[in-house]
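Accompanying notes for the structure given below.
Model, not experiment: these values are computed from the prediction.
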Amino acid sequence: MRIIPLGGLGEIGKNMMVIEYADDIIVIDCGLMFPEEDMPGIDLVIPDVTYLVERKDKVRGIIITHGHEDHIGALAYVLPQLDVPIYCAPLPHGLISVKLKESRVHNTRIHEVRPGGSFQLGQFNIEFVAMCHSIPDAAGLIIRTPVGTIVHSGDFKLDYTPVDCRPSDLSRLAQVGAEGVLLLMADSTHVELAGYTPSEKVVGETISNIMSAAPGRVIVTTFASLVARIQQVMDAAARFNRKVFIAGRGMNEIVKMALKMGYLKAADGLIGELTEMHRLPANRVALITTGSQGEPTSALVRIANREHREVQIKQGDTVIISASPIPGNESVVSKTIDSLFRQGAQVFYDRIAKVHVHGHASQEELRLLQSLIRPQYFVPVHGEYRHLKLHAQLARDMGVPEENVFILEDGDILELALGGGKVTGHVPASNVYVDGVSVGDINGVVLRNRKMLSQDGIVVAIVTMDASTGHLAVRPDIVSRGFVDPEAGRALMEESRDIVTRLFEEEKQRISDSTVISNRVRDLLSKFYYDRTRRRPMVLPVLVTV
């Protein structure tokens with residue numbers, strides 16, 4: 001049996017795990033990752049599914065553990081390549097349907113599985129077990145294979161007072177552990193945190209306290225899929241006689257879907273149209289928006305940038321950012337918070353108030369899971385490399401033999417057999433970049449060029465050659481953007497024109513090869529600019545023959 005992570009190990013997001021036995025392959029989750037700061041112009045990052053596409057006749061289905069973007073966000077890009085059935089709980093079904101509709105991807109083979117339900121895919125029998133996370137209908141997986149039983153925790157925590165999701169089914173996990181488990185794959189995201197993760201109930205109390213004291217409008221931003229958090233805001237609004245308004249197309253679609261499916265409950269008249277908001281006194285308004293991660297097109301960021309048509313920040317507004325920044329998004333979230341403060345809003349965020357709790361298990365919860373499952377082998381999943389390393393050590397401390405703990409990275413092949421386990425190779429598992437409508441066309445070279453342009457700018461050297469003589473027809477023209485100030489750098493540009501001119505004057509033989517000319521001009525100017533400025537702009541020679 002092969003265990004192959006295609007995403008989610010060594011990074012936060014982009015979760016995708018492959019399990020293969022003989023001629024059967026199942027896939028767990030299909031998520032995306034938000035771009036990091038060193039990915040200019042990239043909208044999303046998704047897993048490389050080359051391994052699956054090459055074996056598409058063996059792929060029996062994609063199993064979704066829950067409905068967060070880092071577990072379902074890549075489906076719209078992967079399904080057109082694989083066209084396989086999806087198995088998930090009811091709420092993920094609704095969220096996936098919304099996503100696929102937005103992307104104009106039609107896949108009618110979505111099968112609902114409730115906690116305790118099981119189904120057969122090839123030689124794999126998969127059972128869903130209820131796990132508490134920050135979204136309803138999160139599930140762990142019990143996978144029975146010819147080699148032994150695998151338990152995949154999904155994202156989870158042990159919340160004993162959940163807002164509207166079921167508590168994790170510890171009794172079922174204990175039963176499976178008593179039967180014997182070959183392999184445990186468990187969430188590592190918050191292994192650095194000691195103790196237990198606080199309950200979602202704490203957040204509801206904080207939101208209520210803030211809303212009760214707010215003199216004006218209350219604007220709450222969170223993930224659109226955080227249905228439990230949206231319910232908490234609605235409950236607080238009803239308690240303090242505020243009407244709820246929704247800003248953001250994605251948030252609107254998910255709220256409508258969750259209301260229809262019964263995951264959100266709102267009294268008649270509680271939710272209003274955004275155009276009605278201005279008719280109410282400020283202390284009667286509660287607004288729920290997207291934008292907790294500083295996404296440029298989200299409602300909150302457009303509000304912070306004074307670009308939203310319906311909502312502008314006023315003195316007395318209170319903004320609650322009910323989420324913590326995903327690694328890499330800290331700076332853009334901070335800029336959004338600063339802009340809101342400048343415009344007169346009072347802003348509450350996770351560093352100064354209990355407006356968000358994590359949906360992932362801390363150390364004591366992970367120890368409890370280990371003690372219930374008692375696996376023969378352990379693979380930490382979902383986290384950056386330090387998280388995987390720390391979780392592996394925790395498992396060893398709990399009694400898993402050192403040789404049976406495997407710290408994998410994306411693309412590693414772990415083979416498990418009755419005689420033992422070992423990493424035997426590697427498959428393609430690089431990032432696939434989504435840039436507008438382009439998927440996978442952006443590579444490392446393009447990103448390096450973008451970073452160079454963003455850091456040191458560009459210089460275009462226009463060299464006009466006489467076709468009959470092979471010499472310069474006119475003095476070269478040098479144009480720069482983002483390199484030096486046009487006025488202050490005028491002398492530098494003139495000097496660089498002189499240098500290119502001398503290159504051709506000192507060349508005794510005629511140069512006819514355009515590639516040779518371009519390389520010489522590029523090398524000459526690159527060295528000159530670095531010597532003078534200690535910067536490396538991108539130099540683009542443009543040859544014109546007349």
Side-chain angles (χ1 to χ4, degrees), residues 66-68 91 95 130-138 155-168 190 193 195-248 251 254-255 257-259 261-267 269-271 283-293 300 317-325 345-362 365:
H66 67 281
H68 281 152
L91 181 60
L95 293 168
M131 299 296 279
C132 189
H133 185 38
S134 54
I135 185 172
D137 277 0
D155 285 357
F156 83 102
K157 65 178 180 179
L158 303 181
D159 190 340
Y160 300 110
T161 55
V163 177
D164 68 345
C165 60
R166 300 182 185 186
S168 298
H190 283 148
L193 303 180
Y196 294 86
T197 301
S199 170
E200 287 285 327
K201 190 177 179 181
V202 174
V203 178
E205 293 168 355
T206 305
I207 290 173
S208 285
N209 291 337
I210 293 171
M211 198 174 287
S212 67
R217 299 179 301 179
V218 176
I219 302 170
V220 184
T221 182
T222 188
F223 291 108
S225 58
L226 254 177
V227 176
R229 196 69 46 81
I230 295 169
Q231 184 68 63
Q232 288 174 319
V233 177
M234 289 182 174
D235 291 344
R239 189 175 305 128
F240 299 110
N241 197 28
R242 291 176 182 263
K243 194 158 189 170
V244 174
F245 301 91
I246 312 295
M251 180 73 79
I254 287 174
V255 167
M257 178 275 298
L259 285 167
M261 295 182 69
Y263 287 94
L264 282 177
K265 295 176 175 60
L270 179 66
I271 302 175
N283 62 0
R284 292 280 315 284
V285 172
L287 181 68
I288 305 175
T289 78
T290 53
S292 61
Q293 298 304 311
L300 185 71
D317 283 349
T318 298
V319 179
I320 300 172
I321 299 180
S322 188
S324 56
Q346 177 65 44
V347 186
F348 293 91
Y349 48 102
D350 65 332
R351 290 188 182 179
I352 63 171
K354 285 282 186 184
V355 292
H356 179 67
V357 294
H358 304 296
H360 303 271
S362 298
E365 294 153 276

Stepwise side-chain contact (heavy atoms from CB on, under 4.5 Å) check, Phe223 with Ser292 = CA-CA 6 Å; Phe223 291 108; Ser292 61; 4.0 Å; yes

Taking atom types as modelled and ignoring hydrogens, do the side chains of Asn209 and Glu205 form a donor-acceptor contact shorter than 3.5 angstrom?
->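 Asn209 vs Glu205: no donor-acceptor pair found between side chains.
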
Could you verify whether a donor N or O on one side chain and an acceptor N or O on the other, from Ser362 and Thr197, lie under 3.5 Å apart?
->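 Their side chains do contain a donor-acceptor pair, which is all the 3.5 Å distance test asks for.
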
Do Pro162 and Glu200 come within less than 4.5 Å of each other through their side chains, counting heavy atoms only?
->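 Side chain of Pro162 against side chain of Glu200, heavy atoms only: no contact under 4.5 Å found.
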
How far apart are the closest heavy atoms of [X] and [Y], and which atoms are they?
X      : Y      : value
Gly269 : Lys243 : O-CE, 3.1 Å
His358 : Ser324 : CE1-OG, 3.6 Å
Phe348 : Gln346 : CE1-CG, 3.6 Å
Asp317 : Arg217 : OD2-NH2, 2.5 Å
Met234 : Leu264 : CE-CD1, 4.3 Å
Ala224 : Thr290 : CB-CG2, 4.3 Å

Walk me through it: do Lys157 and Met131 pass the test side-chain contact (heavy atoms from CB on, under 4.5 Å)?
-> CA-CA 7 Å; Lys157 65 178 180 179; Met131 299 296 279; over 6 Å; no

Whether the side chain of [X] engages the backbone of [Y] through a donor-acceptor N/O pair (distance < 3.5 Å, no angle test) should be reported.
X      : Y      : value
Thr222 : Ser322 : yes
Asp137 : Leu91  : yes
Gln232 : Val227 : no
Thr221 : Thr289 : yes
Arg242 : Val285 : yes

Starting from the C-alpha separation in whole Å, work towards a yes-or-no answer on side-chain contact (heavy atoms from CB on, under 4.5 Å) for Val233 and Val244.
-> CA-CA 9 Å; Val233 177; Val244 174; 5.5 Å; no

Output the distance between atom [atom1] ([X]) and atom [atom2] ([Y]), rounded to the nearest 0.5 Å.
X      : Y      : atom1 : atom2 : value
Leu259 : Ile271 : CG    : CD1   : 4.5 Å
Gln293 : Leu300 : CD    : CG    : 11.0 Å
Met257 : Tyr263 : CE    : OH    : 9.0 Å
Ile135 : Leu226 : CD1   : CG    : 7.0 Å

Side chains of residues 350-357: which donor-acceptor pairs under 3.5 Å do they make with residues two or more places apart or in other chains?
unit_1: His356; atom_1: ND1; unit_2: Arg229; atom_2: NH1; d: 3.0

Near Lys201 NZ, under 6.0 Å, is it more than 12 heavy atoms from other residues, nucleotides or ligands?
->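 No - once you tally the heavy atoms of other residues, nucleotides and ligands closer than 6.0 Å, there are 12 at most.
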
Starting from the C-alpha separation in whole Å, work towards a yes-or-no answer on side-chain contact (heavy atoms from CB on, under 4.5 Å) for Ile230 and Met251.
-> CA-CA 10 Å; Ile230 295 169; Met251 180 73 79; 3.5 Å; yes

Sequence-distant partners of Arg239, side-chain hydrogen bond (donor to acceptor under 3.5 Å, both in side chains), two or more places apart =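 Ser208.
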
Ring centres under 6.0 angstrom apart (His66, His68) |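 Centroid separation for His66 and His68: below 6.0 Å.
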
